[in-house]
Amino acid sequence: MNPDCKTHYEDIRFIKTITLGSINPNHPLSEESKQQQAALLNRCLNESPKGVIIGKDISIGRYAIGEHELTMEQTTYHIGFPRKPIWLEL
């Protein structure tokens, strides 16, 4: 793979899914958990071997609590790599 050109789908050999947010009102994420999720996504996109976003799924949950309505969002990114990063733990 040439570092000067964009990643092609044929070069992708490993896919990591990273979820940001939660749609479960019984287990809301702490601010620290949200930051850890974002840090992992940024690491996947910036460290060697650099990954590329090959897909994104968005889930939305709407809940009625008494007279109030709660909307929660969860985004799952599919990051493709030419090889599995050594620093990535599954």
Side-chain angles (χ1 to χ4, degrees):
M1 183 171 84
N2 185 352
D4 295 333
C5 44
K6 293 186 177 188
T7 301
H8 298 284
Y9 287 118
E10 302 89 40
D11 297 331
I12 295 174
R13 300 287 182 252
F14 179 77
I15 298 173
K16 171 71 176 163
T17 57
I18 299 173
T19 302
L20 281 86
S22 173
I23 57 171
N24 187 346
N26 296 324
H27 300 297
L29 292 177
S30 66
E31 193 62 36
E32 182 180 335
S33 295
K34 292 177 188 178
Q35 290 176 356
Q36 288 175 349
Q37 291 173 339
L40 178 59
L41 177 62
N42 286 330
R43 186 173 188 186
C44 288
L45 296 175
N46 293 314
E47 287 192 18
S48 181
K50 286 189 177 187
V52 293
I53 297 174
I54 58 173
K56 180 173 94 169
D57 299 324
I58 299 174
S59 301
I60 297 175
R62 298 184 111 175
Y63 306 97
I65 302 172
E67 296 178 2
H68 302 284
E69 186 174 305
L70 175 66
T71 303
M72 300 179 79
E73 182 177 320
Q74 172 180 303
T75 305
T76 301
Y77 292 93
H78 305 275
I79 311 295
F81 294 92
R83 59 183 166 79
K84 182 180 177 184
I86 295 171
W87 49 263
L88 189 59
E89 298 174 3
L90 288 177

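The chain is numbered in sequence order, starting from 1. No hydrogens, no waters, no symmetry mates; every other heavy atom, side chains included, goes into these values.
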query: Would I54 end up clustered with I79 when hydrophobic side chains under 4.5 Å apart are linked, directly or stepwise?
result: no
query = Do the side chains of I15 and Y9 join up, straight or via other hydrophobic residues, at under 4.5 Å, putting them in one cluster?
reply =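 Same hydrophobic cluster.
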Report task. Using side-chain contact (heavy atoms from CB on, under 4.5 Å) as the criterion, list what pairs up with I65, not counting sequence neighbours. Result ->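 Only L70 meet the side-chain contact (heavy atoms from CB on, under 4.5 Å) criterion with I65.
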As an exercise, state the distance from CE of M72 to OG of S59, rounded to the nearest 0.5 Å.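 If we round to the nearest 0.5 Å, M72:CE and S59:OG are 12.0 Å apart.
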Scanning both residues in full, the closest heavy-atom pair of H78 with K56 reads CD2-N, 4.0 Å
**Item:** Minimum heavy-atom distance F14-R83, with the two atoms named
**Value:**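 Heavy atoms of F14 and R83 come nearest at CB-C, 4.1 Å.
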Practice item. Hey, can you tell me if W87 and F81 have their rings parallel, tilted or perpendicular (30° and 60° cut-offs)? Key: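 If you compare the ring of W87 with that of F81, the planes turn out perpendicular.
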Determine all donor-acceptor pairs shorter than 3.5 Å in which one atom belongs to a side chain in residues 40-47; sequence neighbours excluded.
unit_1: N42; atom_1: ND2; unit_2: A38; atom_2: O; d: 3.3
unit_1: R43; atom_1: NE; unit_2: E47; atom_2: OE1; d: 3.0
unit_1: R43; atom_1: NE; unit_2: E47; atom_2: OE2; d: 3.3
unit_1: N46; atom_1: ND2; unit_2: N42; atom_2: O; d: 3.0

**Asked** Do I12 and V52 touch side chain to side chain, with heavy atoms closer than 4.5 Å?
**Response** yes
Yes or no on side-chain contact (heavy atoms from CB on, under 4.5 Å) for T75 and D57, after CA distance, side-chain angles and deciding distance? CA-CA 6 Å; T75 305; D57 299 324; over 6 Å; no
Flag if over 12 foreign heavy atoms under 6.0 Å of CD, E32:
no
Side chains of residues 18-29: which donor-acceptor pairs under 3.5 Å do they make with residues two or more places apart or in other chains?
unit_1: T19; atom_1: OG1; unit_2: T76; atom_2: OG1; d: 3.3
unit_1: S22; atom_1: OG; unit_2: N24; atom_2: N; d: 3.2
unit_1: N24; atom_1: OD1; unit_2: N26; atom_2: N; d: 3.0

